[in-house]
There are 2 protein chains.
Amino acid sequence: MKRASIKDIARLANVSHSTVSRALAGSSLVNPETAGKIRKIAEQTGYRPSAAARSLVTSRSATIGVVVTTIADPFAAEVVLGIEDAANEHNYSVILANSNALPEREVKVVRSFEERRVDGIIVTSSRVGATYAETLSQTQVPIVLLNNQHPSEFMHSVMIDNFEASRELMRYLIGLGHRRIAYIGDRYGYQSDTERFGGYRAALEGAGLGLNKSYVMLGDGKPEEGGEAAAALLELRPRPTAIFCYNDMTALGALKAITERGLRVPADISVAGFDDLFLARYSFPPLTTVRQPMREMGRLALETLVQLCDGGESQPFVQVAGELIVRESTAPPKEDS
Amino acid sequence: MKRASIKDIARLANVSHSTVSRALAGSSLVNPETAGKIRKIAEQTGYRPSAAARSLVTSRSATIGVVVTTIADPFAAEVVLGIEDAANEHNYSVILANSNALPEREVKVVRSFEERRVDGIIVTSSRVGATYAETLSQTQVPIVLLNNQHPSEFMHSVMIDNFEASRELMRYLIGLGHRRIAYIGDRYGYQSDTERFGGYRAALEGAGLGLNKSYVMLGDGKPEEGGEAAAALLELRPRPTAIFCYNDMTALGALKAITERGLRVPADISVAGFDDLFLARYSFPPLTTVRQPMREMGRLALETLVQLCDGGESQPFVQVAGELIVRESTAPPKEDS
DNA sequence: ACGTCTCTTGCACACGTGTGCAAGAGTCAG
DNA sequence: CTGACTCTTGCACACGTGTGCAAGAGACGT
């Protein structure tokens, strides 16, 4: 059996379909009594308005597209949760797409979003390469970037204050007495990495410590290479007394590599991360890190987007603050070092 | 500037809109030469067909709805990744919704899916309460449940063979020499928990060991309560020599609680989980667990769904096998115990 | 009685796409 | 030359909803 349409209800109520449309929309143009009758019939029939038909005439879909590199990344998942929660409150639906960092996949995603006439797009933690950015900009819907590289003038963005958060974490480490602090960054040159490295460097200089280039390593943001980088750092003499990792995943690998080599964290060497993923509380030892308010950032991105969709202007560059979370992976350096 | 429609292209090509429609659909009814011209114009205009208009007439949306309790759950995230990947191959889009286990949210989600005329629905790891199940069943689209409680006759489902996987893990522990094995389950009575407990019990009996009820604890599937349950188990005399946790999250909490109390895993006590979440490799020590092929299960659920959408019949009950993953959280029990 | 104003309703069109049917042009056999 | 057939195209309608406009009904003041 087919779904009931507005016409079926009209027939049952002995009115025209226009009246039904108005009644269900709560228009004041329709007699309260007939409106009540119509609503009752709609209820009984289990009527559901067709979003497609509606969007065809209103040219709004009440839908937003969200593209992430992969939803299996805990950071992306938390952000998407925040987005979807907020979208739900505004009666928007979210279409989720994984780009897997594949260019061909990215263009397919944008194409799909265009066909679906999404009202807006949120791009999370993508590198947004040159061609991708161009493709995106050609679509006429508002776009909000979240923690992306290269925020450009035509797109809005929500970001954490990487520089300041990074510097705060570094100050904490330096305050503990550390003088030889290593940094494991990201070789793909994300803007977030660049900024965090900037904070690292600024803090060192602020404390009168020079930048030792051999203490700077690059990984890929995942545990595996984080571990390899940490292992390499352990071979250096003098050995760094603390390692600041670009993100928690990298730190996770570092912790594992260090522990496997028989050293203890933080007794022999301190480790800090960035993100405060859920698992940071359950690593061994629990990880000192910088908390990014991921859900709130997702929510913020969506709020910005709906504001844009409603034709309103919005702050083009929203920045949120990180929060230093001290756990047990950091401590003052050993006496003898 | 508005998006180009099929009519705009028709005007530019001096043909009717029907011809354009056919040409772009690759129909053999249209002259190859004109088809080429039309396609070229469509390309230049950056034409994108309106999914809404199309779905209005074809009454198919090429869209599926996926509802999870929360995408922040790593299990759900992996499953959704598998679903979306497969959906992409079939040119379906996925609408993601978090129910947060709130009944009012669930009915809102289903309502939204109905309005969007999704072609099918996948429900992941939900309890699917009685009223929810009823609501779902009334919607006329095919539904596939993934690791859900109470798979019922009118819905298809994809599940892991919990019983067999659980028994295999238990046999492994027993084979190591363990005789006092505790179980931390889930107090909400998920079917998966019931089945895993069934495997636990069957393995004990198969080895001639009785079920010691004081060794069976209940948590909520999250680390916090897993830790509390483990702490309570440590107080028992004789103390269990191994703990089998309902899922990895619970095991994570158990590991933490045990380590904090100065005991070592696996030297003093063994711990095993279930799921093989990403973080199981990076816990301390790395966790012995049962791997669920989460992405494949997601993919399988989607394949089943599209088969159903295409009117074909499909196996109503798909079951996949788990795989025992032995890491470093399990070892033979201490000599003196 | 008449004009005006308010309240309520229906008509008709628009949105963008797909498709059955007919019709025109061209081809070919008889 | 005629009829049948193929190839290609356009007409017209359908899908389900929203909305400007007109029109009818009733109330009210003059």
Side-chain angles (χ1 to χ4, degrees), chain A residues 1-39 41-42 45-63 91 111-112 114-119 140, chain B residues 1-39 41-42 45-63 91 111-112 114-119 140:
Chain A
M1 192 188 90
K2 293 258 318 161
R3 276 221 98 87
S5 85
I6 214 172
K7 287 180 187 169
D8 301 318
I9 300 182
R11 200 175 331 107
L12 290 174
N14 278 321
V15 294
S16 73
H17 83 274
S18 333
T19 305
V20 176
S21 173
R22 282 190 267 257
L24 297 180
S27 163
S28 64
L29 283 178
V30 44
N31 187 313
E33 195 178 342
T34 42
K37 187 173 69 176
I38 290 172
R39 268 193 281 270
I41 295 179
T45 5
Y47 167 73
R48 294 284 180 275
S50 159
R54 177 177 290 168
S55 94
L56 198 54
V57 43
T58 62
S59 68
R60 303 193 56 170
S61 62
T63 285
N91 291 313
R111 193 183 192 91
S112 155
E114 287 177 333
E115 297 190 358
R116 295 234 136 72
R117 303 288 192 269
V118 296
D119 294 332
Q140 298 107 313
Chain B
M1 193 190 91
K2 293 259 318 162
R3 279 220 95 89
S5 85
I6 215 172
K7 288 180 187 170
D8 302 318
I9 301 182
R11 201 176 328 111
L12 291 174
N14 278 322
V15 294
S16 73
H17 82 274
S18 331
T19 305
V20 176
S21 173
R22 282 190 268 257
L24 297 180
S27 162
S28 65
L29 284 178
V30 45
N31 186 314
E33 195 177 344
T34 41
K37 187 171 71 173
I38 289 172
R39 269 194 280 269
I41 295 179
T45 354
Y47 168 74
R48 294 282 180 279
S50 159
R54 176 176 293 168
S55 93
L56 199 55
V57 44
T58 62
S59 68
R60 301 193 56 169
S61 61
T63 286
N91 291 314
R111 193 183 191 91
S112 155
E114 288 177 332
E115 296 191 359
R116 296 234 133 73
R117 302 290 192 268
V118 296
D119 293 332
Q140 299 106 316

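Just so it is clear: chains get the letters A, B, ... in the order the sequence lines come, proteins before strands, and each one is counted from 1. The shown structure was predicted, so the numbers you read here are calculated from the model rather than taken from an experiment. Computed from heavy atoms alone, side chains included, the values below leave out hydrogens, waters and symmetry copies.
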Report which part of the nucleic acid Ser55(A) touches: base, sugar-phosphate, or nothing (heavy-atom distance under 4.0 Å, all strands). nothing
With side chain to side chain contact (heavy atoms under 4.5 Å, CB included) as the test, pick out the partner of Tyr47(A) among Leu24(A), Val20(A), Asp8(A). Leu24(A)
Rounded distance in Å - CZ (Arg116(A)) to P (dT17(C)): 14 Å
What integer distance in Å separates Ile6(B):CD1 from dC15(C):C1'? 13 Å
Enter the distance from Glu33(B):CD to Lys37(B):NZ here, rounded to the nearest 0.5 Å. 8.0 Å
I'd like to know whether CZ of Arg111(A) has more than 12 heavy-atom contacts from other residues, nucleotides or ligands below 6.0 angstrom. no
Between the base of dC15(D) and the side chain of Ser50(A), is one N or O donor paired with an acceptor at under 3.5 angstrom? no
Comparing nearest nucleotides in DNA chain D, the 5'-proximal residue of the pair Arg22(B), Leu56(B) is Arg22(B)
dG18(C) base to His17(B) side chain: any donor-acceptor pair below 3.5 Å? yes
Measure CD1/Ile38(B) against P/dT17(C) and give the value in whole Å, please. 13 Å
Checking the side chain of Thr63(B) only, and the main-chain atoms of Ser61(B) only, is there a donor and an acceptor separated by less than 3.5 Å? yes
Which is more 5' along DNA chain C, the nucleotide nearest Ala51(B) or the one nearest Ser28(A)? Just name the residue. Ser28(A)
Considering only heavy side-chain atoms of Ser21(A), the closest of dT19(D), dT17(C), dT9(D) is dT19(D)
Could you tell me whether Ser59(B) contacts a base, only the sugar-phosphate backbone, or nothing, with contacts defined as non-hydrogen atoms closer than 4.0 Å? nothing
Taken to the nearest whole Å, NZ/Lys7(A) to P/dC13(D) is 13 Å
Nearest of dT9(C), dT17(D), dC11(C) to any side-chain atom of Leu29(A)? dT9(C)
Distance check: side-chain N/O of Thr19(A) vs OP1/OP2 of dG10(C), anything under 4.0 Å? yes
Identify whether any heavy atom of Val20(B) sits under 4.0 Å from a base atom; if not, whether one sits that close to sugar-phosphate; answer base, sugar-phosphate or nothing. nothing
Picking from dG16(C), dT17(D), dT19(C), which would you name as closest to the side chain of Ala53(B)? dG16(C)
Can you figure out which of dG16(D), dG18(C), dT19(D) approaches the side chain of Arg54(B) most closely? dG18(C)
So, does the side chain of Arg117(B) form a donor-acceptor pair with the base of dG16(D) at under 3.5 Å? no
Establish whether the base of dT19(C) is bridged to the side chain of Ser18(B) by a donor-acceptor pair shorter than 3.5 Å. yes
Given dG18(C), dG10(D), dC15(C), the nucleotide with the shortest approach to the side chain of Ser16(B): dG10(D)
For the pair made of CZ in Arg11(B) and P in dG16(C), what is the distance, rounded to whole Å? 11 Å
Would you confirm whether Thr19(B), through its side chain, and Val15(B), through its main-chain N or O, come within 3.5 Å as a donor-acceptor pair? no
Please state how far atom CD in Glu115(A) lies from atom P in dG16(C), giving the value in whole angstrom units. 15 Å
If I take atom CD in residue Glu114(A) and atom P in nucleotide dG16(C), what distance separates them, rounded to the nearest angstrom? 16 Å
Rounded to whole Å, the CG-P distance (Leu24(B) to dG18(C)) equals 8 Å
Touch check for Val30(A), heavy atoms < 4.0 angstrom, all strands: base, sugar-phosphate only, or nothing? sugar-phosphate
Are the side chain of Thr58(B) and the backbone N or O of Arg54(B) linked by a donor-acceptor pair below 3.5 Å? yes
